[in-house]
Amino acid sequence: MTRGTPDTRPSEARLRLLTTAIRLFYSEGIHSVGIDRIISEAKVTRATFYRHFPSKDDLILAYLREIHRMEREAVDTAIATHSSPVDPLRAIAGSIARNIQSPGFRGCAFLNAAAEYPATEHPVRQEIIAHRQWFLDTLTTLMAQVHQETADPAARHFVMLRDGAMAAGCLFDPALVSETFLRGVDGLLEINAERQSTGSAG
């Protein structure tokens, strides 16, 4: 760090707390994991915890924002590395399929959190809605490059395929679920690409 330049990197203690929260909240659920458990496993003091996160809700919001950052990074990479209209969407679907087959997969972190926070006015619920809206808006923009007139319903269809696969991946063979999901996305893209080539809005 250059002399006189403030160090804006997160502290090691904050990173340990957030990493611990991500692991425990995702694997065991948010309500079932208390602050004392996180403090103990992160090996920090209670004072250190509250210095970085005034409440458990602040830590939960940081957890969701970090998951959002990772998912957005994957989507941005897919968009930046593919130029044809359908390839970014296939790359996003591929990333989702790989996630479903990853060790310790327990579904969508945001859908899991939504089940624990049903009140629409709660800040955690609002964070979930913001993430979901970003994902839908991103898909709609990408789908518009495939077929403008059906971009909105096609994007919503993609989201529903994704949500179903994320739920099924916890209950059934992840490889089979991923394969089924990818076939569904391919079919959706083929239908909309054909509409584009024929000029059909139906």
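When reading the values below, keep in mind they use all heavy atoms of this one structure, side chains included, and skip hydrogens, waters and symmetry mates. Here the structure is a predicted model, which is why all the values come from computation and not from measurement.
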Between H157 (side chain) and P153 (backbone), is there a donor-acceptor pair under 3.5 Å?
-> no
Kindly determine whether T81 and D87 satisfy side chain to side chain contact (heavy atoms under 4.5 Å, CB included), including the steps that lead there.
-> CA-CA 9 Å; T81 54; D87 284 348; over 6 Å; no
Among L188, D152, T150, the one residue meeting side chain to side chain contact (heavy atoms under 4.5 Å, CB included) with M143 = L188
Give a yes or no answer on whether the side chain of H31 reaches the backbone of E116 with a donor-acceptor pair at less than 3.5 Å.
-> yes
Under the side-chain contact (heavy atoms from CB on, under 4.5 Å) test, residues paired with K56 that sit two or more places apart | F25, I30, I35, I60
Strictly by modelled atom types, are H68 and E127 linked by a side-chain donor-acceptor pair under 3.5 Å?
-> no
Checking side chain to side chain contact (heavy atoms under 4.5 Å, CB included) for the pair L142/V146: CA distance, chi angles, key distance, verdict?
-> CA-CA 7 Å; L142 292 172; V146 179; over 6 Å; no
Minimum heavy-atom distance I67-F110, with the two atoms named | CG2-CE1, 3.5 Å
Identify the two heavy atoms, one from P88 and one from I79, that lie closest to each other, and give their separation to 0.1 Å.
-> CB-CA, 4.1 Å
Might you point out which heavy atoms bring V177 and A165 nearest each other, and give the distance in Å?
-> CG1-O, 3.4 Å
Should L17 and Y50 be counted in the same cluster of Ile, Leu, Val, Met, Phe, Trp and Tyr side chains packed under 4.5 Å apart?
-> yes
M160 atom CE, over 12 foreign heavy atoms within 6.0 Å | no
Separation between CD1 (I38) and CG (L24), nearest 0.5 Å, reads 6.0 Å
Can you list the steps and then say if R156 with D163 is a salt bridge (charged side-chain N to carboxylate O under 4.0 Å, His left out)?
-> CA-CA 10 Å; R156 293 182 186 279; D163 289 349; over 6 Å; no
Describe, in one word, how the ring planes of F49 and F53 are oriented to each other, choosing from parallel (under 30°), tilted (30 to 60°) and perpendicular (over 60°).
-> tilted
Closest non-hydrogen atoms of Y63 and A21, given as atom of the first, atom of the second and distance, are CD1-O, 4.4 Å
Measure the shortest side-chain to side-chain distance between E71 and F135 over non-hydrogen atoms and say whether it is less than 4.5 angstrom.
-> no
With the 4.5 Å side-chain cut-off for hydrophobic clustering, are M70 and I96 part of the same group?
-> yes
Q126 side chain to T120 backbone, donor-acceptor under 3.5 Å | yes
Taking the side chain as C-beta and beyond, is there a heavy-atom pair between R132 and L111 under 4.5 Å?
-> yes
Approximate separation, where rounding is to 0.5 Å, of E179 CD and R183 CZ = 4.5 Å
Could you verify whether a donor N or O on one side chain and an acceptor N or O on the other, from D137 and T140, lie under 3.5 Å apart?
-> no
Can you tell me if S95 uses its side chain to pair, donor with acceptor, with the backbone of I92 under 3.5 Å?
-> no
Does a donor on one side chain and an acceptor on the other come within less than 3.5 Å for T138 and T141?
-> no
Heavy atoms of R125 and A114 approach each other most closely as NH1-O, 2.9 Å
Is there a side-chain contact between R72 and V75 (heavy atoms, below 4.5 Å)?
-> no
Please check if the side chain of Y26 supplies one atom and the backbone of G107 the other of a donor-acceptor pair under 3.5 Å.
-> yes
OG of S11 to CZ of R51: how many Å apart, nearest 0.5 Å?
-> 7.0 Å
What's the shortest heavy-atom distance between I100 and G169, and which atoms?
-> CG2-CA, 3.9 Å
Hey, are E41 and R37 close enough for a salt bridge, meaning a charged N less than 4.0 Å from a carboxylate O?
-> yes
Which is it for I128 and L64 under the side chain to side chain contact (heavy atoms under 4.5 Å, CB included) test, yes or no, and what are the steps along the way?
-> CA-CA 8 Å; I128 295 164; L64 292 175; 4.1 Å; yes
Atom OG of S55 and atom CG of L61: how far apart are they, to the nearest 0.5 Å?
-> 7.5 Å
Can you tell me if Y117 uses its side chain to pair, donor with acceptor, with the backbone of H122 under 3.5 Å?
-> no
Output for pair (H147 NE2, I191 CD1), nearest 0.5 Å, gives 12.0 Å
Can you tell me if T48 uses its side chain to pair, donor with acceptor, with the backbone of V44 under 3.5 Å?
-> no
Going from CZ on R14 to OG1 on T19, what distance comes out if it is rounded to the nearest 0.5 angstrom?
-> 10.0 Å
Would you check if the side chain of R106 reaches a backbone N or O of C170 as a donor-acceptor pair within less than 3.5 Å?
-> no
Taking a hydrophobic cluster as the set of Ile, Leu, Val, Met, Phe, Trp and Tyr residues connected by side-chain heavy atoms closer than 4.5 Å, whether directly or through intermediates, do W134 and V159 fall within one such cluster?
-> yes
